[in-house]
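Below you'll find the structure, written out as structure tokens, and then a few comments.
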Amino acid sequence: MPDGFLFFLKALFLQTDNSMINLKLAIQKTGRLSDHSKKLLEDCGIKISNGANVLRTVAGNFPVEILFLRDDDIPQYVEQQVADIGIIGENMVLEKNKDVAILDQLGFANCRLSLAIPKEEHYPGPEYFNNKKVATSYPRLLSEYLKKNNLKTEIEEISGSVEIAPGIGLADAVCDIVSSGSTLLTNGLREVETILTSQAVIISNKNLNEEKKSILDKFLFRVRAVRNARENKYILLNAPEEAIPKICEILPGMKSPTVLPLAIKGWCSLHSVVREDDFWERIDRLKNAGAEGILVIPIEKMIM
Ligand code: PRP
Ligand code: ZN
């Protein structure tokens, strides 16, 4: 970005009300991460209002100030402490290589950085890229990959709409973020190598003062409770008493499952928590072990 504009943004974000300490959190203004980032804040009970052209806002009920920025700029702003922390894709953190700490993975905005070629091209392996030109917004990560694979490839650095580069004759191939894959598909491109996989993370400036660190701890506590809740389900089921030991093996729970007697003699109700990832597989095993009336319920917050 031009220096003048950077200076303008810095001036804007640095003039804060000194009477109150707020943790400054940068999130993406628009794009793949922005809706999820706002949803995360909402699930953390942090209320923000943002109009279409708002660049910063202070939360109503938590000492945090939100800065809405281009994701590409967030690592730099966090390094310079224009923002204290940021929510951003790991891909961007690694590409920008700024001196910031990665605190937590957030489990959304999953994607990969991949090489893709025109779909009709024969692909013999990475040597395909020798003496070719690849368009990308990720020159650092791409050149690391090329070096590791001993490839002589020209990098054409562009800041956006990378996917159209082969179609307009700017490059032979692209190295870009793939999420659903629909951008590649609609541009007649085929993914042939994955350079890295990525998800949203929280990054932090490394020199936060004690006051900011203590707000950050409270924020991370909430984020982790939301994340644990999203990754787990509460499960209730009925089973005959004799099936309980077998079912307890299948449901490790937070510590051990809660077992309550039912009005019908010889029957119990079991309550536990299962990971979202493997609950389908466990539910089949539970049915086979004699479980009936299985209910799976979302968890609002989960404090470990
Ligand atoms: C990436 C990439 C594609 C799109 C791919 O952009 O450049 O445009 O996402 O997603 P798909 O596989 O689901 O179609 P990104 O969201 O990182 O935005 P930016 O580069 O414009 O910041
Ligand atoms: Zn971007």
Side-chain angles (χ1 to χ4, degrees), residues 1-2 5-6 9 13 25-40 50 52-56 66-80 82-83 85-98 100 102 105-119 123 129 133-145 153 155-168 170-203:
M1 86 159 49
F5 188 57
L6 187 68
L9 281 177
F13 292 144
L25 162 64
I27 65 172
Q28 189 188 37
K29 186 164 166 56
T30 48
R32 266 180 326 112
L33 289 139
S34 63
D35 287 347
H36 285 289
S37 305
K38 284 183 235 162
K39 179 75 170 60
L40 177 65
N50 78 303
N53 291 311
V54 174
L55 283 180
R56 59 189 282 198
I66 318 293
L67 314 180
F68 300 93
L69 298 170
R70 280 195 56 199
D71 60 343
D72 314 48
D73 300 327
I74 291 176
Q76 180 184 342
Y77 282 156
V78 171
E79 183 186 63
Q80 297 174 341
V82 172
I85 62 170
I87 295 177
I88 175 136
E90 252 172 332
N91 53 303
M92 198 57 84
V93 185
L94 297 174
E95 173 62 30
K96 299 295 177 185
N97 199 27
K98 300 291 179 191
V100 296
I102 297 184
Q105 295 189 318
L106 294 171
F108 62 80
N110 294 71
C111 65
R112 44 199 190 272
L113 179 66
S114 292
L115 283 158
I117 64 172
K119 67 173 189 303
Y123 185 70
F129 293 100
K133 201 200 254 189
V134 177
T136 191
S137 313
Y138 293 82
R140 214 183 83 80
L141 294 173
L142 175 58
S143 67
E144 261 176 20
Y145 170 87
T153 307
I155 298 177
E156 180 72 42
E157 185 180 345
I158 49 178
S159 60
S161 306
V162 169
E163 60 277 3
I164 63 165
I168 59 172
L170 184 66
D172 303 296
V174 302
C175 171
D176 199 12
I177 294 301
V178 184
S179 172
S180 65
S182 74
T183 302
L184 293 186
L185 197 70
T186 52
N187 287 280
L189 298 168
R190 169 162 76 100
E191 191 178 357
V192 290
E193 300 290 343
T194 301
I195 292 183
L196 70 94
T197 56
S198 165
Q199 61 176 289
V201 291
I202 298 185
I203 57 169

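Counting convention: from 1, in listed order, for ligands and their atoms alike. This structure is a prediction, so every number in the text was calculated from the model and none was measured.
The nearest heavy-atom contact from the protein to atom 15 (P) of ligand 1 is Arg32 NE, 3.5 Å. Considering only non-hydrogen protein atoms, atom 1 (C) of ligand 1 sits nearest to Ile177 CB, 3.7 Å. For atom 4 (C) of ligand 1, the nearest non-hydrogen atom of the protein is Thr183 OG1, 3.7 Å.
Looking at Ser179, Gly160, Ser198 and measuring to atom 10 (O) of ligand 1, the nearest heavy atom belongs to Ser179. Considering Asp176, Thr186, Leu185 only, the shortest heavy-atom separation from atom 7 (O) of ligand 1 involves Asp176.
Distances from the Zn ion (ligand 2) to the N/O/S atoms of Asp71 are shortest for OD1. Summary: OD1 is the N/O/S atom of Asp72 found nearest to the Zn ion (ligand 2).
If you number the atoms of ligand 1 from 1 as listed, the ones under 4.0 Å from a heavy atom of Ser180 come out as 11 (P), 12 (O), 13 (O), 14 (O). Annotation for ligand 1: atoms under 4.0 Å from non-hydrogen atoms of Gly181 are 11 (P), 12 (O), 13 (O).
Taking every heavy atom of both residues into account, Asn91 and Cys111 meet most closely at OD1-SG, 4.3 Å. Of all heavy-atom pairs between Pro166 and Leu189, the closest is CG-CD2, 3.9 Å.
Under the 4.0 Å distance rule, the nearest protein heavy atom to atom 21 (O) of ligand 1 falls outside the cut-off. Counting protein heavy atoms under 4.0 angstrom from atom 18 (O) of ligand 1 gives zero.
For Asp71, the heavy-atom gap to ligand 1 drops under 4.0 angstrom. Within the structure, the closest approach of Ser137 to ligand 1 does not fall below 4.0 Å when heavy atoms are considered.
The side-chain heavy atoms of Lys98 and Gln80, taken from C-beta on, include no pair separated by under 4.5 Å.
For a threshold of 3.5 Å applied to N or O pairs, the pair formed by Ser182 and ligand 1 contains at least one separation below that value.
Distance alone, capped at 3.5 Å, is enough to place a donor-acceptor pair between the Glu95 side chain and the Leu141 backbone. Between the Ser198 side chain and the Arg112 main chain, no donor and acceptor come within less than 3.5 Å of each other.
Distance CD/Gln199 to CG/Leu33: 11.0 Å, rounded to 0.5 Å. Considering CG of Leu94 and NZ of Lys96, their distance stands at 12.0 Å, rounded to 0.5 Å.
A side-chain contact (heavy atoms from CB on, under 4.5 Å) with Glu163 holds for exactly one of Ile177, Thr183, Leu185, Thr186; it is Thr183.
Of the N and O atoms on the side chains of Glu191 and Ser114, at least one donor lies less than 3.5 Å from an acceptor on the other residue.
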